[in-house]
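The structure under discussion appears below in the form of structure tokens.
In each ligand, atom 1 is the first atom listed, and ligand 1 is the first ligand listed. In what follows, residues are counted from 1 in the order of the sequence shown.
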Amino acid sequence: MKLVSLIAFVLIIRACYAILGFDVYQSISEVTFQCLAKNGYSFFIGRMVIMTGDIDNAGIQNIKNARSAGFTNVDGYISPCTSGCASPSDQVQAAINATKNAGTTVGTIWLDVETFEWTYITATNIQFITDMVNTIQNNGYKVGIYTTDTDWNIVFGAWTGASSFPLWWLNYDNQTNFNNFSPFGGWDAPTIKQYNGGINGPCGVPNLNLNWRP
Ligand SMILES: *[C@@H]1O[C@H](CO)[C@@H](O)[C@H](O)[C@H]1NC(C)=O
Ligand SMILES: *[C@@H]1O[C@H](CO)[C@@H](O)[C@H](O)[C@H]1NC(C)=O
């Protein structure tokens with residue numbers, strides 16, 4: 001009985017510390033951010049660069065709106081354009097410039113590693129992401145990686161050179177835990193899990209991607 005109580009207590013504590021967040025593609029107003037905060041979402045990751053290599057101005061406005069609404073845990077992510085666009089360094093620098101010019105900021109800048117965005121040549125991909133990482137760090141921001149085991153292994157093979165950065169792991173099993181995680185890329189555990197996507201969320205927000213961190 002005591003053990004059962006203890007387990008229940010631990011589960012309750014864990015539930016209290018489990019933190020929910022979200023990311024979206026569309027514009028979210030400050031009022032809607034406030035509504036989502038009331039519904040239990042406390043961190044936001046806004047898109048800074050879209051796959052064409054262009055700045056996502058709506059995404060940067062979202063970052064600003066999230067902060068105005070009282071979110072303190074606000075990050076950004078970059079979906080890189082790896083062929084025929086500005087250099088990796090310039091893509092990152094343009095995103096950071098645009099964020100600063102908008103009068104706002106992010107904590108970590110997450111780099112999106114999904115197969116369709118990258119080349120088929122591992123060495124090219126390693127050079128590209130290394131340039132992005134260096135530019136992020138030279139600007140004083142933290143780096144993170146958004147990926148799955150499948151995407152990572154196709155794009156970077158056995159390379160473990162990014163494993164010192166936090167992993168935002170994508171796995172749509174709808175579970176707010178890391179139970180289904182198997183190590184890859186040198187990561188023993190994720191930092192954030194995107195556990196479902198394209199959800200009709202609260203506050204009338206469609207296409208909500210749901211994230212969880214312990
Ligand atoms: C970023 O801003 C700096 C300072 O204004 C400028 O020198 C640089 O060219 C900008 N870089 C990009 C890629 O927009
Ligand atoms: C995900 O979880 C939510 C909340 O428990 C539930 O309403 C929804 O049906 C689940 N979706 C899937 C795809 O499992």
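- Here the side chains of Val205 and Phe22 are not in contact, with every heavy-atom distance at 4.5 Å or above.
- The contact set between ligand 1 and Asp90, taken as ligand atoms under 4.0 Å from a residue heavy atom, comprises 13 (C).
- Under a cutoff of 6.0 Å and an axis angle of 45°, Arg47 and Tyr25 do not form a cation-pi pair.
- Side chain to side chain, Gln61 and Asn57 fail the donor-acceptor criterion of an N or O pair below 3.5 Å.
- The residue among Asn97, Ile96, Asn101, Asn139 with a heavy atom at the shortest distance from atom 2 (O) of ligand 1 is Asn97.
- For atom 9 (O) of ligand 1, no protein heavy-atom neighbour is found at a distance under 4.0 Å.
- Not a single protein heavy atom sits closer than 4.0 Å to atom 4 (C) of ligand 1.
- If you take CZ on Phe165 and OG1 on Thr191, they are separated by 12.5 Å, rounding to the nearest 0.5 Å.
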